[in-house]
Amino acid sequence: MTRVRTVLFDRDSFLVEDALDPDQVRPAPGAREALDLLRLYDVRTGFVAVQPGDGRLSDAGVRALNHRVDDLLGPFDIWGVCPHGPDDGCHCRPPEPGLILWAAGRVCTAPGDCAVVGTAADAEAAARVGAHGILVPDERTRPEETARAEHVAPDLLTAARALLGGPPRGRVLVDERPIESAFEPGRAEEA
């Protein structure tokens, strides 16, 4: 079985609550636990994000926001941002896979050994390059996106726990083990 070596998370609303001011950034529920668990098993972690494309954040503002996320939840092995707007026709804004390919290359991981956790567009971008996409639905997720997703997890911690045994298996990912057992080295292989 191929081991998932790198997990990329969508930054906004998944790792941190949406905020444009670095001082207002707060970790999203379950983010710290999911990241700590993956790092315990030597899985590389990173985050990717798209900027609104409306100029609300300068390049310096984006860097400050990313540094704040790294300070709160890091250290991350990689972080990347698509600075383009939805109509710019870039290759890095999901569902295009450019940002995933770039991030995987920066940490020397084949796309097939990566998982991407986030929106339906993130999961679609992952699938386009052979990475493992996991949709974590939120209030903006449309029912047809959830129905179309190859893998769905109810939250970040469930997604992280499911990935410890290798690539995701099954459409709806669940992990019924008590949380304490997930933090015992060696137990991921038994799952």
Side-chain angles (χ1 to χ4, degrees), residues 2-16 18-20 22 25 28 31 34-35 38-39 43-70 73-138 140-142 144-146 148-153 156 159-160 163 166-168 173:
T2 302
R3 182 172 169 236
V4 172
R5 298 188 184 290
T6 302
V7 179
L8 303 171
F9 292 90
D10 189 314
R11 182 190 70 197
D12 302 320
S13 297
F14 293 92
L15 288 182
V16 296
D18 278 331
L20 295 175
V25 171
L35 292 163
L38 292 168
R39 291 175 183 139
V43 176
R44 290 180 171 156
T45 59
F47 64 82
V48 292
V50 296
Q51 289 312 115
D54 60 7
R56 287 189 283 177
L57 277 178
S58 65
D59 288 344
V62 171
R63 283 191 302 277
L65 186 64
N66 287 341
H67 282 290
R68 176 70 174 150
V69 174
D70 200 63
L73 296 170
F76 288 94
D77 297 291
I78 187 70
W79 19 288
V81 176
C82 168
H84 307 105
D87 300 325
D88 289 345
C90 73
H91 297 289
C92 54
R93 187 180 187 92
E96 296 299 323
L99 195 54
I100 294 167
L101 289 173
W102 175 85
R106 295 287 298 193
V107 293
C108 300
T109 303
D113 294 335
C114 289
V116 181
V117 178
T119 67
D122 295 321
E124 183 179 336
R128 289 181 179 190
V129 293
H132 308 284
I134 299 175
L135 169 64
V136 177
D138 64 11
R140 297 172 293 191
T141 307
R142 296 187 312 270
E144 59 271 18
E145 291 173 325
T146 303
R148 190 172 54 240
E150 187 173 349
H151 305 290
V152 179
L156 294 182
L163 289 168
L173 304 177

Problem set entry | Chi angles and distances behind the side-chain contact (heavy atoms from CB on, under 4.5 Å) call for R93, D88 | CA-CA 9 Å; R93 187 180 187 92; D88 289 345; over 6 Å; no
Can you give me the closest heavy-atom contact between [X] and [Y], atom names plus distance?
X: P97; Y: A125; answer: CB-O, 3.5 Å
X: A120; Y: L135; answer: N-CD1, 3.3 Å
X: E96; Y: C90; answer: CG-O, 3.7 Å
X: G118; Y: F14; answer: C-CZ, 3.6 Å
X: C114; Y: V4; answer: C-CG1, 4.4 Å
X: C82; Y: L99; answer: N-CD2, 4.0 Å

So do [Y] and [X] actually touch side chain to side chain, heavy atoms under 4.5 Å?
X: V7; Y: L163; value: yes
X: P94; Y: E124; value: no
X: L15; Y: L156; value: yes
X: V48; Y: W102; value: no
X: P111; Y: I100; value: no
X: L38; Y: F9; value: yes
X: R11; Y: N66; value: yes
X: H67; Y: W79; value: yes

Counting N and O atoms only, with roles assigned by atom type, does the side chain of [X] sit under 3.5 Å from a partner on the main chain of [Y], one being a donor and the other an acceptor?
X: D77; Y: T45; value: yes
X: H132; Y: G112; value: yes
X: R39; Y: P75; value: yes
X: D138; Y: R140; value: yes

Exercise. Parallel under 30°, tilted from 30 to 60°, perpendicular over 60°: which one fits the rings of F47 and F76?
Worked result: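 Correct class here is perpendicular.
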Problem set entry | Derivation of the side-chain contact (heavy atoms from CB on, under 4.5 Å) call for I78 and L8 | CA-CA 8 Å; I78 187 70; L8 303 171; 3.8 Å; yes
Exercise. With a cut-off of 6.0 Å (strictly less than), are more than 12 heavy atoms of other residues, nucleotides or ligands near CD of E145?
Worked result: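 Count over threshold, so yes.
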